[in-house]
Structure formats: structure tokens, C-alpha cells
Amino acid sequence: MATLAELCIAAVAEAFRTDRELVGTGIGPIPRLGVGLAKLTHSPGLMMTDGEAFLVEQPVPLGPRAYDDRKPAGYLPFSRFFDSAVWSGRRHAMVTPTQVDRFGQTNLSALGGTHAQPKTQMLGARGFPGNGIYHANSMFIPAHGPRVFVTGEVDRVSSPGYNPARRIAGGNYSAIDLRRIVTNLCVMDFGGPDNTVRVISLHPGVTFDEVQAATGFDLIDAVAGETPLPSDEQLEIIAALDPHGIRHTVLPDNPPAQRSTP
Amino acid sequence: MSTLDKRMSAAEIVGRLRSGMTLGIGGWGPRRKPMALVREILRSDLTDLTVVSYGGPDVGMLCAAGKVKKLVFAFVSLDAIPLEPWFRKSREAGAIEVLELDEGMFQWGLKAAAFQLPFLPTRVGLGTDLLELGGLRTVQSPYDDGEVMVAMPALKLDAALIHVHRCDHRGNVQALGPDTYYDEWFAKAADQCFVSAEELVPAMEDAYPEDARANLFERCFVTGVTEARGGAHPTSMPPSYGWDMGWMKRYAGAAKDPGDWSAVSAQFVGASEEEYLASVGGMEAVGALPLPVF
């Protein structure tokens, strides 16, 4: 029986469905497995790296392996990543920010305090500002809750969203393209009026009210049904891409996709 | 007449630096960092530095030791340990000034400096907090599109520190491995660039002519060279060696307990490079560190 993690991986793969040739980047086990699944099924145009510098046509499995146990088909080191993937718009990335607000703005920089002295220093903006202004982005949130989906704005805006108050006249924001948010409860998008956040599918056994209660801003109910369970073929591919079962460690207690009825 | 002999000791290189300088450090997070030169700075009385780095343990150690006045960064991370603990402590104590940038803006600023331009335009930063917090300004296209962009200021460096696999006395360098990050642009953005190498050869054309494509930047960008075997340790230097995960765990753990740099600096810096290298098992142990897989 499929696990919730595997259902999320299939939902990630759906988020990456494309007929274009572009770099698919999934940061973290579930996003990365989802991109690999998409590439090996409906979206062969996706390009993936080995996580270091080489492009591979066969996604690199998660976890321990020999250093040379990958077959480079191309080359995309950090030293040309902005030229080739980010600033050309030929990329779709899925990341896990610490905070997300109703505009799709995210925070990876710091929590609380001041800029001079944050209460909690995190990674820094990394490539988020450039990713957000130049190419498609999605998010994976393993613990859907109001500490992640905050009321008001995120503490620091690391990546841009659809906030009209943060747009300056003459700036080009046309490439801001927020796709999907896959969480442990549901799948959301930015398809509401003025790019507001909608719930488009609920994982089996989850209610819209439950999702709304776990979110710090108002959601639109656009639920078209349950998030589909992964097929046997998808499960087989996922297992091959994750031979050590790292996906089983992402969600606490590795719950099944189908909640048990009380 | 210049002899083109750029050989120096690590101490002589650090002797060329001054407190208050803006210092670029090559590499990326825990990868191919010029750590032997960073350790030499940590053994010196240099202070008040502005450090420009895709930050790893270089930044954490310099912050912990109180060498940093200001940090220009996009991230500071040990990768497998995502949050650099000593950097965090400095930030959360309000001990350093920062200019926080995007990774791409960062290299754009190095390129502006390399091309001797005041800035280069970009869309990156629009819609984020970076502009206001960093005091970054905008510029309008003079053409019909009239687009307003961020003017990423040149990140002009007084000096850059870079670690490569091979160099000769004239500053012909070769950087192997799958990725050289933005080392080239650190070298070109700097008034003076100092290179440490795993191997100092008498003449590159005799030693490794077949690898000339690994010449990352021309020797006119090199001020001084020094040999430093294991000079990237504890960061990775593929294909020669991987990062030292055990070291990074001890280093991260020390940020919590005892949490005081002066109590632990000896074990992470050493009184000399020879002593440091011996303390981590010598080149035999460093050379055996497995390359990380991702």
C-alpha cells in the first residue's frame, strides 16, 4: 500500500509535468524523487543534475552510492548555473522554505529580531531571489501548519511573490511563476483571483476545514477531488530511485496514503 | 626586472594583507576553500575584515575568531550540516554587519568588479527584502523598454584567496574537479590574488601540458603562490579528497559545547600548518577522505 510520502512524490511529479526541455530541481528527498518520477514517465524533457555538476539522463538514486556511479550526459556546474538554467528561465525548482505567506513570498534568511541581529539566523537568501524572478517554482511543505503558512508577511522576503506592495514601477515581474505547493495534507496552487492560494486537491481523508485551520491565511476551496494515489508503475519507479528507503523517513511515522478511519 | 617568481610562504601572503581590507574567499560552502590561508589569517592579528564568500567553515571560523567586521554573503552552510553554527552565533549576537545577496547577484557583483564597472543590471532582488536591507539601488534602461532593474554594485576586492590543485612559480594554475564555482571571478575582481595549491610544480608546461584547459585564469591575475598540501581541508577538493565529515561534526558540536572559540581554536586551526595537518592524520588521512555523493 502506498505511503503518504509516495502520494506526495506522485503529486510532485504532476507539478513538474511539462512538454518543455528545462532543468528540474527538487531540493530534498520527496521533491527530488518527484522530479525523477516525472522525467521517467510523462516529462522526458526534464533535465536533472547528479547534485554536483553533471547532467544525467537517468536520475541519480538517493543515498549512498559510489562516487562515479552515475553516467554524465551533460555538464551544468554551479559556475554556469545562472547563465544556463536560472537567468534563462529554463528551470523549475521545488524547495522547502521556512515560511510562506499568502503572496507566495518565502523566507529562508532569518526569523524574528532585526536585520542587524536576527533571533534565528538561517541559511541566507541563497538563490531564492533569482529563482523567484526568473523561473517557475513550487514548494514542498512536509508539516503543513501556521508556523510555515504565516499570517501577514514572512519575516524576511527571500523570494518574490505576487505582493503588489512590493512591486516598483518599471520592474519586470512577468517571469514570476509560482506553481504548486504540495504538503502533507493537500495540493495548493496560486490560481485564485490575483494569484491567491487555492486548495486544488486534498489527500485521502483530509478535509478543507482541517487545511484551513492549519494555515495562517485564507484559502480558496477549489478542491476537485482527492490527490490521486500513485500507480503500481509509479511506485516501482519511486522504489528504484530510492533504494535505501529514505522517503520513509521524511514524514513522522511514515503514515499510509489512506488515513485509517477511526 | 621582475623575475615572475611569485612563490611566498603562507605567512608572507597573510603579511601582504591589512586589517580593514575586503577579502574574497573562493570555493562554495564546504567545497574547495583555501583553508590553509584562512588558518594562516586565524593565526595572525588581522582584524576588521570585510569578507566576501559563498560561505562555509571559512566564514564560520573567521566570525568565531572576531576577524570579521562585515560579511557579504548569499548563504553560509556546511551542506551536510545545513546551518553553519559559528556564523549563526555571530549573527544572533549582532556581532557582524552583513550584506545579504542572492547567489547569482553575488557573482554578478564580482563580474562588475572584474570588468571595472560600477555595477551590472539585473532583475534579481526585485520583490525581495534584499534591496532595502542592502541599500541596493535601481537603474532604468535608457532604451525604449525603459525597464527598471537592480544595479548590482561591483564587489571590488582588495585581495582574493583561492585554492587550486596545481600551480607553478609564475602563477600558472590548474584547477581540476567537476566544478570551480566562481573562483575565476574572485581572482579577476581582486587587486591582488593569492593562490595556494596542492602541488607547486617548477614549470606547468613541463609538468602538466595536457591539462592546460584546467587553467582557470591567466597568470596576470595571480600575485602570489604557495604550496599547501591538504590546503582545502576540512572542505572537499575533488578529485583529490572529500570533505571531512568527522571534523565538521566536532566543529559544529563545539559551537554548542563549550561554545567558546578561544577554548577550541587550537584544535581547528593549529599553531602551524604542519601541526594542523598532522593533527588530522596527515596527507595520508586527508587523501583518503571519500568524495561526497549528492
Side-chain angles (χ1 to χ4, degrees), chain A residues 49-54 60 63-70 72 75 77-79 81-82 86-87 105 107-110 113-134 154 156-163 166-173 175-176, chain B residues 28 31 54-55 73-77 82-84 87-98 100-105 107-108 122-133 138 140-141 145-150 177-185 238-239 242 290-294:
Chain A
T49 74
D50 65 345
E52 188 171 24
F54 296 102
V60 175
R65 59 183 169 87
Y67 180 72
D68 290 322
D69 185 16
R70 45 131 164 77
Y75 185 48
F78 280 106
S79 57
F81 208 82
F82 303 103
V86 182
W87 294 7
Q105 300 177 137
N107 178 15
L108 196 68
S109 295
T114 62
H115 182 54
Q117 186 173 9
K119 184 162 182 294
T120 304
Q121 172 69 44
M122 300 184 298
L123 275 173
R126 287 226 72 146
F128 276 35
N131 296 352
I133 202 77
Y134 268 118
V154 292
R156 310 281 191 283
V157 180
S158 304
S159 71
Y162 300 110
N163 183 359
R166 286 188 179 264
R167 303 224 165 166
I168 55 174
N172 186 332
Y173 300 87
I176 295 180
Chain B
W28 183 282
R31 312 178 198 197
Y54 288 108
F73 78 112
F75 63 84
V76 184
S77 178
L83 302 179
E84 215 294 352
F87 159 70
R88 286 187 82 172
K89 278 172 77 91
S90 284
R91 281 288 282 142
E92 291 168 12
I96 54 170
E97 295 172 39
V98 295
E100 183 174 353
L101 298 170
D102 163 272
E103 292 166 359
M105 296 173 94
Q107 56 98 30
W108 208 224
T122 177
R123 289 178 190 159
V124 180
L126 291 177
T128 74
D129 271 331
L130 297 189
L131 300 196
E132 193 181 326
L133 295 177
T138 57
Q140 184 170 20
S141 166
D145 57 87
E147 181 174 341
V148 175
M149 293 161 285
V150 176
D179 200 343
T180 51
Y181 312 108
Y182 289 93
D183 286 10
E184 173 186 357
W185 299 100
L291 298 175
V293 294
F294 299 92

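In what follows, chains are A, B, ... by sequence order, proteins preceding strands, each numbered from 1.
- The contact between A:Ala169 and chain B is made entirely by backbone atoms, counting heavy-atom distances below 4.5 Å.
- The part of B:Leu101 that comes within reach of chain A is its backbone (N, CA, C, O), which places non-hydrogen atoms under 4.5 angstrom from that chain.
- For the residue pair B:Glu92 and A:Gln121, the shortest heavy atom distance occurs at OE2-N, 2.8 Å.
- Residue with the most contacts toward chain B among A:Pro160, A:Gly171, A:Gly51: A:Pro160 (heavy-atom pairs, distance under 4.5 Å).
- Atom CD of B:Glu132 has 12 or fewer heavy atoms from other residues, nucleotides or ligands within 6.0 Å.
- B:Thr122 touches chain A through its side chain: at least one heavy atom from C-beta onward sits under 4.5 Å away, while N, CA, C and O do not.
- Under the 3.5 Å distance criterion, the side-chain polar atoms of A:Arg156 are left unmatched by any main-chain donor or acceptor of B:Leu130.
- Closest approach of B:Arg88 to A:Thr120, counting heavy atoms only: NH2-CG2, 3.0 Å.
- Among B:Ala93, B:Gly125, B:Pro82, B:Gly146, the residue making the largest number of heavy-atom pairs under 4.5 Å with chain A is B:Ala93.
- Looking only at heavy-atom pairs under 4.5 Å with chain B, the residue among A:Glu52, A:Arg70, A:Gln117, A:Arg126 that has the most is A:Arg126.
- Interface check for chain B: of the options A:Arg167, A:His115, A:Arg166, the most heavy-atom pairs under 4.5 Å are formed by A:His115.
- For chain A, the nearby part of B:Thr138 is the side chain; its heavy atoms alone come within less than 4.5 Å.
- The minimum heavy-atom distance between B:Tyr182 and A:Phe78, with the atom names listed, is OH-O, 2.6 Å.
- Using a distance-only test at 3.5 Å, with no hydrogens or angles considered, a donor-acceptor pair links the side chain of B:Asp102 to the main chain of A:Gly130.
- Just one of A:Ile168, A:Asn172, A:Ile176 meets the side-chain contact (heavy atoms from CB on, under 4.5 Å) condition when paired with B:Leu126; it is A:Ile168.
- Residue B:Glu84: no heavy atom, backbone or side chain, is found under 4.5 Å from chain A.
- For chain B, no part of A:Ala175 is nearby; none of its heavy atoms comes within less than 4.5 Å.
- Contact of B:Phe73 with chain A is made through the side chain alone, with heavy-atom distances under 4.5 Å.
- Ranked by heavy-atom pairs under 4.5 Å with chain B, the list A:Gly132, A:Ala66, A:Gly113, A:Ser109 is led by A:Ser109.
- Between A:Trp87 and B:Trp108, the ring-plane angle classifies as perpendicular under the 30° and 60° cut-offs.
- The heavy-atom pair separating B:Pro178 from A:Pro77 by the smallest distance is O-CB, 4.0 Å.
- If you tally non-hydrogen atom pairs under 4.5 Å between each of B:Leu133, B:Val76, B:Asp183 and chain A, the highest count goes to B:Leu133.
- Ranked by heavy-atom pairs shorter than 4.5 Å toward chain B, the options A:Asp50, A:Thr114, A:Val157, A:Leu108 are led by A:Val157.
- Of the atoms belonging to B:Glu100, it is side-chain heavy atoms, and not backbone ones, that fall under 4.5 Å from chain A.
- For the atom pair CG of B:Asp179 and CZ of A:Phe54, the computed distance is 9.0 Å after rounding to the nearest 0.5 Å.
- Annotation: maximal heavy-atom pairing with chain B below 4.5 Å, among A:Pro118, A:Ala53, A:Pro72, occurs at A:Pro118.
- No part of B:Pro290 comes within reach of chain A, as not one of its non-hydrogen atoms sits under 4.5 angstrom from that chain.
- Of the two parts of B:Trp28, only the side chain, counted from C-beta on, holds a non-hydrogen atom closer than 4.5 Å to a non-hydrogen atom of chain A.
- Proximity to chain B is limited to the backbone of A:Phe128, based on heavy atoms less than 4.5 angstrom apart.
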